[in-house]
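Convention: sequence-line order gives letters A, B, ...; per-chain numbering from 1. Source: prediction; values computed, not measured.
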2 protein chains.
Amino acid sequence: MLSTSEENYLKALYKIAQVKGNPVSTNDLADELSTSAASVTDMIKKLFEKKLVDYQRYQGAVLTSEGGRLATELVRRHRLWECFLVEKLGYGWDEVHDLAEQLEHIKSVDLVDRLEEYLQFPRFDPHGDPIPDRHGKFTIRSQQLLCNLSQGDRAEVVGVALHDSQFLRFLGEMHLEIGCVLEVLEVFEYDSSMRIHIVPDTKTLISSILSKNIYVKKYS
Amino acid sequence: MLSTSEENYLKALYKIAQVKGNPVSTNDLADELSTSAASVTDMIKKLFEKKLVDYQRYQGAVLTSEGGRLATELVRRHRLWECFLVEKLGYGWDEVHDLAEQLEHIKSVDLVDRLEEYLQFPRFDPHGDPIPDRHGKFTIRSQQLLCNLSQGDRAEVVGVALHDSQFLRFLGEMHLEIGCVLEVLEVFEYDSSMRIHIVPDTKTLISSILSKNIYVKKYS
DNA sequence: AATTATATTTAGACTAGCCTAAATATTTAT
DNA sequence: ATAAATATTTAGGCTAGTCTAAATATAATT
C-alpha cells in the first residue's frame, strides 16, 4: 500500500514526464511538489526499492510500467472526483482541485469504479482533461490552441492549459467554458489579441494570455 | 487544523463517553483505537494543549464543548458519507464503514453540507444512526431492543447495536433491515430466542444474539 | 492499613517525511 | 581543458505518531 506522499510523487513524475520528457530531474520534482531536492532524493530511492521508478544516481527518475499504471490510476481518481464535485455537488470548476487532491488518495479497490459508473462513464473532466478508464486507456483530446486559429475559423472549446482558480474563474465570467462553440472574428497582430464570437450571443475581445491557454477542436 | 489521528481520538472519546460515561480512561481509549496506553497519554496531552479535552494526570479525559462539537461534526461526516456510499454507489450497509472512516477526514468547510443537501438531508444513516445537522442537533432514535418485546407486539426496526460486517451481512440475509416492520409471534424462555413475522412474508426464528442487538420502535 | 494488582505516565527509541548545510557529481562557459 | 556554475546526494537533525520497558500512582484485597 502506498502512502499519500508516495502517491503524490508518482503523480508528479507522470505530470513532469508528459511536459518535459524523461528522465525527470530531482529539481523539477522538488519544484512540482514544493519540497527540497534532498527530500526528493530520499523518496525516489524508496520508490526505486518498490520498483515503481528506474533510477541511477544523478541521472533522474523514470516511472516503471507499474509506476505508470499507478500514476494513471491516480489521475483517473482525481478526474472522476472532480466530475462528481462539479456535476453532483454543484461546485465550480475553479473550486474542485484541492478537494479532488484529497479524495484521490482514498484507498479502495472499487470505489472509483462505482463512482465512474454512477457518473455514467464520463470521458472528460470539468476542465476537459481525459479520464483514463479502468485499464488506463483514454482519448487524447485536441492539442490545438485557440491562439493558433485564424479569422473565420470556428471551433469548440475542449480544454484549458492552466488550472489555477483565478484563470478558471475569469474564463467562467466570460462564459468561456468546455463545450462552447466559438468563431474567430478578428485577430490583432499587434498584441495577438482576438475578437471572438462565443455562440450564440457573446462577442468579446480576449487577450493572448487567454487564447494561448485554451484548447480547441477546429471545425473542418 | 487537526490531523487524522487527532480526529480519531476525538471520535473515540465521544463514542466511549456515550457508552461508559465520563471521564474516559486511558486504557479504554487505547482499546478503542488499538494503540498503546502510552500513545494515548501523549495524544491526550496534546488535545489538552489545544483545549479540546479536560485532563488531569491519572483522572481520564473529558471532551470540552469545542472538542464535543468537533467530534459531533466527525460523526456527521461519517454518517453522511455512509448514506452516499449506500444510496448512490450501491454499497451494502456492511461494506461502508472503512470507506466512510477515510472520507470523514477530508478537509473542507462545505463539502459535507453540500453532500447533505445532495442526499436531501437524511436524518438517519444506513444503520439507523441519527445524523447530526450543521449545528450538531439530531433526533435520538428509540433505544428499545427487540429482545424486550413480548408476544403479539408489533414494531419497526430502527437501528442496530453492532456494526461489524458479519452481523450486518447476516441480518441482510434474513431480510432484517432498517425500516422493516415485524411482529413477535412467540418467545422461547429457554434460550430467549423468538419467532417473528417480518412483514409481509417472512416468518423465522431468531436467536437472542440478534434480538439483543436490534433497536425497534414499538407500535402503540 | 498494608500489600498486591491494575492503571497510567515517563523515558527512550523507532519510522516516515521533511528540513538545512555540506559534499560531490555533472554541466556549462570561458 | 579547466574553472565556475548548477544539480544532486549525503549527513545529520526535526516532528508526529507510534512502540516497549520501567517507574509511579490509584484501586482493590486482605
Side-chain angles (χ1 to χ4, degrees), chain A residues 1-13 16-17 19-63 67 70-71 74 101-102 104-107, chain B residues 1-13 16-17 19-63 67 70-71 74 101-102 104-107:
Chain A
M1 179 100 350
L2 297 179
S3 70
T4 295
S5 186
E6 289 170 324
E7 289 187 342
N8 284 334
Y9 274 84
L10 293 181
K11 264 207 324 175
L13 248 344
I16 295 167
V19 178
K20 295 195 162 191
N22 280 316
V24 173
S25 78
T26 303
N27 270 357
D28 283 351
L29 273 170
D31 278 2
E32 173 68 24
L33 294 162
S34 304
T35 186
S36 70
S39 302
V40 172
T41 300
D42 285 351
M43 183 59 91
I44 289 296
K45 283 180 183 166
K46 200 167 144 196
L47 295 175
F48 175 71
E49 292 301 317
K50 295 192 175 187
K51 301 195 176 163
L52 300 176
V53 301
D54 288 327
Y55 169 69
Q56 280 179 279
R57 284 178 42 179
Y58 296 99
Q59 305 305 308
V62 179
L63 285 172
L70 290 168
L74 286 161
E101 204 74 13
Q102 294 183 65
E104 74 191 11
H105 297 295
I106 300 291
K107 265 68 182 173
Chain B
M1 179 102 346
L2 296 179
S3 69
T4 294
S5 186
E6 289 170 323
E7 289 187 343
N8 285 334
Y9 275 84
L10 293 181
K11 265 207 323 174
L13 248 344
I16 296 166
V19 178
K20 296 196 162 189
N22 280 316
V24 173
S25 78
T26 303
N27 270 357
D28 283 350
L29 272 170
D31 278 2
E32 172 69 23
L33 294 164
S34 303
T35 187
S36 70
S39 302
V40 172
T41 301
D42 285 351
M43 182 60 92
I44 289 297
K45 283 181 185 167
K46 200 169 146 194
L47 295 175
F48 175 70
E49 291 302 317
K50 294 191 175 188
K51 302 193 174 162
L52 300 176
V53 301
D54 288 329
Y55 169 70
Q56 279 178 279
R57 283 177 43 177
Y58 296 98
Q59 304 307 308
V62 179
L63 285 172
L70 290 169
L74 286 161
E101 204 73 12
Q102 294 182 65
E104 74 193 12
H105 298 294
I106 299 289
K107 265 68 181 173

Trainee: Anything under 3.5 Å between a protein N or O and an N or O of nucleotides 19-22 of chain C, put it in a table, one pair a line.
Mentor:
unit_1 : atom_1 : unit_2  : atom_2 : d
C/dC19 : OP2    : A/Thr35 : OG1    : 2.5
C/dC19 : OP2    : A/Ser36 : N      : 2.8
C/dC19 : OP2    : A/Ser36 : OG     : 3.0
C/dC19 : OP2    : A/Ser39 : OG     : 2.8

Trainee: Figure out the CD/P separation between B/Gln56 and C/dT9, and round it to whole Å.
Mentor: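 Taking CD of B/Gln56 and P of C/dT9, I get 11 Å after rounding.
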
Trainee: According to a strict under-4.0 Å criterion, is A/Tyr9 in side-chain N/O contact with OP1 or OP2 of C/dA16?
Mentor: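 Answer is no, no contact under 4.0 Å.
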
Trainee: How far does OG1 of A/Thr26 sit from CE of A/Met43, to the nearest 0.5 angstrom?
Mentor: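 Going from the OG1 atom of A/Thr26 to the CE atom of A/Met43 covers 13.5 Å.
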
Trainee: Could you state the CD-P distance from B/Glu49 to D/dT15, rounded to the nearest angstrom?
Mentor: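 Rounded to the whole Å, the gap is 15 Å.
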
Trainee: Please find the pair of heavy atoms, one from A/Val53 and one from A/Ile44, that lie closest to each other, and give the distance.
Mentor: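 A/Val53 and A/Ile44 have their closest heavy atoms at CG2-O, 3.8 Å.
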
Trainee: Rounded to the nearest 0.5 Å, how far apart are CG of A/Leu63 and CG of A/Asn22?
Mentor: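 That separation rounds to 7.0 Å.
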
Trainee: Starting at atom NZ of A/Lys45, determine the distance to atom P of D/dT9, rounded to an integer number of angstrom.
Mentor: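 It works out to 7 Å between those atoms.
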
Trainee: For B/Glu32, is there an ion pair with B/Lys11 - N to carboxylate O distance below 4.0 angstrom?
Mentor: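 Looking at B/Glu32 together with B/Lys11, the answer is no, because their closest N to O distance does not fall below 4.0 Å.
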
Trainee: For the CG atom of A/Asn27 and the OG atom of A/Ser36, what is their distance to the nearest 0.5 Å?
Mentor: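 Result: 10.0 Å between the selected atoms.
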
Trainee: Round to a whole Å and report the spacing from CD of B/Gln59 to P of D/dA25.
Mentor: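 One finds 13 Å between P of D/dA25 and CD of B/Gln59, rounded.
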
Trainee: Could you state the atom-to-atom distance from CG of B/Leu29 to P of C/dA7 in whole Å?
Mentor: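 That distance rounds to 14 Å.
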
Trainee: More than 12 heavy atoms of other residues, nucleotides or ligands under 6.0 Å from NZ of B/Lys107: is that the case?
Mentor: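 Result for NZ/B/Lys107: enclosed.
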
Trainee: Could you give the CG-to-P distance, from A/Leu2 to C/dA16, as a whole number of Å?
Mentor: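 Going from A/Leu2 (CG) to C/dA16 (P), I get 13 Å.
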
Trainee: Which nucleotide in the set D/dT18, D/dT26, C/dT9 lies at the smallest distance from any side-chain heavy atom of B/Ser5?
Mentor: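 From the listed options, D/dT18 comes nearest.
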
Trainee: Does B/Arg57 place a side-chain N or O at less than 4.0 Å from the phosphate oxygens OP1/OP2 of C/dT10?
Mentor: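 The answer is yes; a side-chain N or O of B/Arg57 sits under 4.0 Å from OP1 or OP2.
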
Trainee: Rounding to a whole Å, what distance do you find between B/Asp28:CG and C/dT8:C1'?
Mentor: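 Taking CG of B/Asp28 and C1' of C/dT8, I get 13 Å after rounding.
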
Trainee: Where along nucleotides 1-7 of chain D does protein come under 4.0 Å, by heavy atom, of base (B) or sugar-phosphate alone (S), with - for untouched nucleotides?
Mentor: ------S

Trainee: Starting at CE of A/Met43 and ending at C1' of C/dT15, how long is that distance when rounded to a whole Å?
Mentor: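 After rounding, the reported distance stands at 12 Å.
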
